[in-house]
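Step one of this worksheet: look at the structure below.
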Amino acid sequence: MTRYIVRRLLLMIPVLICVTFVVYFLMDLAPGDVISQLAPADATPQQIEMLREEYGLNGTIIERYGRYLWRLLHGDMGTSFFLKRPVFSVFLERLPNTLMLAFASILVAILISLPLGIAAATHHRSWLDGFSVVLSMLSVSMPAFWLGLLLIFIFSLHWKIFPSGGSEGLKYLILPALTLGTEQAGNLTRITRSSMLDVIHQDYLRTARAKGVSEKKVIRHHALRNALIPIITVLGSTLGNAFGGAVAIETVFAWNGIGRLTVMAINNRDMTLATGCIFMFTLMLNMTLLVVDIAYAYVDPRVKARYSK
Amino acid sequence: MSEHRKISASELKQYKKRSLLSEVWRNYKKNPSAMIALFIVIAIVVIAIVSQFAFDYKADIVQQNVREKFIHPCAEHPFGTDNYGRDVLVRVLYGARYSLSVGVVAVAISCILGVTLGLIAGYYGGFIEDFILRFCEIFTGIPSILMGVALISAFGQSIIVLMMAIGLVYTPMYCRTTRAAVMPVRDEEYIEAARIAGVSDLKIMFSHVMPNALSPIIVQVTMGVASAILTASSLSFLGLGVPIPLPEWGAMLSEGREFMRDHMYLTIFPGLAIMITVLSFNLMGDGLRDALDPKLKE
């Protein structure tokens with residue numbers, strides 16, 4: 001198991017480096033010179049050259065990227081051009097908001113989709129099943145930012161229960177978490193339903209029932225545990241994507257998360273900030289996926305047995 | 001036994017082709033929601049084509065008419081008019097072309113790239129496969145929307161760039177699907193036989209290996225159009241997709257958002273248009289999956 005984890009961590013390194021290269025290179029391709037925007041209007045060519053050196057933007061793209069990577073490997077993510085602060089501290093400042101939204105939305109998604117998916121599978125072809133299918137289809141087809149706008153209209157403009165935007169506290173979290181959670185719930189319900197349906201007709205369930213295990217226990221211990229692996233997989237990637245992929249929802253609710261920060265950095269041609277944010281995001285996503293893979297071993301003894309071989 | 005008769009190879013081929021298609025269609029027809037979805041998609045395609053001739057871009061789509069601004073939905077303007085007095089219904093209908101073309105072209109790009117890469121990875125295996133898979137991993141490590149934003153900021157904001165950005169973002173998905181479908185047949189005897197017979201690798205890949213991957217790819221293409229349309233509309237919503245004043249649905253939503261308090265209909269109708277389109281493609285994909293592989297249906 002430890003060997004497996006170490007191997008996975010080592011494999012992450014080249015991927016992360018390539019991600020920084022792709023982002024850095026794309027940002028470099030973008031039209032517009034950052035230095036000419038940063039420099040005062042009456043700057044002499046020498047001053048501009050000095051600024052360029054100060055920001056590490058002199059030389060060819062390979063030289064620049066090389067310097068960036070060298071510093072990154074030493075734990076220095078550089079300074080944001082526009083905020084004039086270390087990238088890492090800017091990132092850390094936004095991190096709690098991002099984590100809060102990601103986990104709250106996943107909680108909403110789980111609360112909706114696990115009961116619904118399980119009920120749909122145990123009551124296969126009933127009205128409940130149909131309801132779950134329709135609901136999950138709608139939720140994966142609806143633009144999430146549109147749902148967010150509808151919620152704002154109902155709950156903050158019409159009924160004035162929740163604020164329409166900002167990220168100052170729990171009250172501000174509810175609407176974005178509901179929006180993002182509903183979006184994620186669609187996929188999760190589908191997976192829960194189909195993987196429960198897969199196991200529900202297995203012989204070991206019939207055996208369990210035959211020996212007199214209560215229906216509740218059959219579903220919870222025998223069916224759900226066996227159906228859990230695909231559910232956890234989807235949960236992991238959903239959570240991973242919520243760390244940086246919920247840009248539109250963050251924008252709708254003026255939520256100060258990493259997604260919005262990254263888009264702002266890209267739009268400002270703030271190379272270090274954009275590359276740093278995407279680097280951290282990819283790291284978080286990969287770590288989540290690794291945790292998911294490790295979680296398999298705890299959920300399913302068969303997987304654990306495979307590792308110990 | 002008496003019914004046995006000899007048929008030529010070409011006849012057999014024709015017969016097989018017809019039966020496969022007709023069987024899929026027969027299965028597909030049984031699914032009412034998939035059939036409704038198919039009709040809606042056809043209707044949207046017709047709208048996208050007809051709106052080209054029915055409306056004049058300058059006069060009906062971008063022409064501002066401030067005297068008629070913010071007319072709420074009524075008989076004359078069923079969807080109302082926007083802040084520049086433009087008819088929202090006409091703009092929504094005209095906007096069908098953008099979502100549809102972005103969805104279809106983006107999927108075509110990612111399908112061509114992804115299927116080719118997936119075929120190569122699955123067929124050759126080894127070092128090449130590792131390389132391609134790692135390459136895919138880099139792109140899946142970045143959320144599609146951020147990657148889209150980065151690509152658009154690098155290459156400028158236009159509908160072509162939007163198509164290419166979304167196409168690139170979804171390429172790894174097709175690559176993986178294809179590879180997964182190709183892998184089990186890589187060592188089949190008929191592949192080996194073809195190789196011994198001197199058939200070129202390229203021909204083996206496309207005419208012997210690829211047909212095995214066809215059903216998952218077809219399903220993914222249909223659903224891919226749905227997710228491409230969604231991604232495109234979020235990018236437009238962020239102000240990075242189709243440049244204004246083109247009536248792209250996501251961009252219309254983003255414009256209407258400012259006037260949400262008093263004129264909610266401005267955000268409702270473009271959003272509904274996106275949802276109905278995406279929903280139809282998703283339902284079609286579901287129907288196709290069941291039709292292509294009845295075994296999968298529970």
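Model, not experiment: these values are computed from the prediction. In what follows, chains are A, B, ... by sequence order, proteins preceding strands, each numbered from 1. Hydrogens, waters and symmetry mates are skipped; everything else that's a heavy atom, side chains included, is used.
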Minimum heavy-atom distance between A/M77 and A/T272, given as atom pair plus value:
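In terms of heavy atoms, the two residues are closest at O-CB, 4.2 Å.
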Please name the pair of heavy atoms, one in B/P216 and one in B/T177, separated by the smallest distance, quoted to 0.1 Å.
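Shortest heavy-atom contact: CB-CG2, 3.7 Å.
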Does A/S80 reach the main-chain N or O of A/V87 with its side chain, forming a donor-acceptor pair under 3.5 Å?
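Not at all, since once roles are kept as given, no pair shorter than 3.5 Å links the two residues.
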Heavy-atom donor-acceptor pair, A/W255 side chain to A/N97 backbone, under 3.5 Å
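Flag set: sc A/W255 to bb A/N97 pair under 3.5 Å.
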Cut-off 3.5 Å, side chains only: do B/S33 and B/N31 have a donor facing an acceptor?
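Per modelled atom types, B/S33 and B/N31 side chains form a pair under 3.5 Å.
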Taking atom types as modelled, is there a side-chain donor on A/D129 or A/H124 under 3.5 Å from an acceptor on the other?
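There is such a pair (donor and acceptor under 3.5 Å, judged by atom type) between the side chains of A/D129 and A/H124.
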With B/H263, the ring pair (Phe, Tyr, Trp, His ring centres under 6.0 Å) member among B/F79, B/F269, B/F70
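Result for ring pair (Phe, Tyr, Trp, His ring centres under 6.0 Å) with B/H263: B/F70.
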With a 4.5 angstrom heavy-atom cut-off, could you sort out which part of [X] is near chain B: side chain, backbone, both or neither?
{"X": "A/I278", "value": "side chain"}
{"X": "A/F145", "value": "side chain"}
{"X": "A/V23", "value": "side chain"}
{"X": "A/V22", "value": "side chain"}
{"X": "A/D198", "value": "neither"}
{"X": "A/L16", "value": "neither"}
{"X": "A/R190", "value": "side chain"}
{"X": "A/L149", "value": "both"}

Against chain A, label [X] side chain, backbone, both or neither, depending on which of its atoms sit under 4.5 Å from a heavy atom there.
{"X": "B/L151", "result": "both"}
{"X": "B/I152", "result": "neither"}
{"X": "B/L240", "result": "side chain"}
{"X": "B/L235", "result": "neither"}
{"X": "B/F155", "result": "side chain"}
{"X": "B/L238", "result": "side chain"}
{"X": "B/A150", "result": "both"}

Which of parallel (below 30°), tilted (30 to 60°) and perpendicular (above 60°) describes A/W127 and A/F131?
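If you compare the ring of A/W127 with that of A/F131, the planes turn out tilted.
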If you count every heavy atom of other residues, nucleotides or ligands that lies below 6.0 Å from B/R261 atom CZ, does the total exceed 12?
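Not more than 12 within 6.0 Å, no.
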Distance in Å, A/L101 CG paired with A/N256 CG, rounded so as to fall on 0.5 Å steps:
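A/L101 CG to A/N256 CG: 11.5 Å, rounded to 0.5 Å.
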I need the residue from [options] with the largest number of non-hydrogen atom pairs under 4.5 Å to chain B.
{"options": "A/L147, A/V263, A/V252, A/L283", "value": "A/V252"}
{"options": "A/N286, A/V247, A/N241, A/I152", "value": "A/V247"}
{"options": "A/N267, A/T282, A/L289", "value": "A/T282"}

Verify side-chain hydrogen bond (donor to acceptor under 3.5 Å, both in side chains) between A/Y65 and A/T20, making sure each step is shown before the conclusion.
CA-CA 9 Å; A/Y65 176 70; A/T20 59; 2.8 Å; yes
Only pairs of heavy atoms separated by less than 4.5 Å count here; which of [options] has the most with chain A?
{"options": "B/A154, B/P270, B/G156, B/S234", "answer": "B/A154"}
{"options": "B/T140, B/I274, B/I142, B/I145", "answer": "B/I142"}
{"options": "B/M260, B/E137, B/M147", "answer": "B/M260"}

Applying side chain to side chain contact (heavy atoms under 4.5 Å, CB included), run through A/S113 and A/R193 and close with a yes or a no.
CA-CA 9 Å; A/S113 37; A/R193 175 177 172 273; over 6 Å; no
Does the ring of A/F91 carry A/R94 above it, NZ/CZ under 6.0 angstrom from centre and within 45° of its axis?
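No; the conditions do not both hold, so A/R94 does not lie above the ring face of A/F91.
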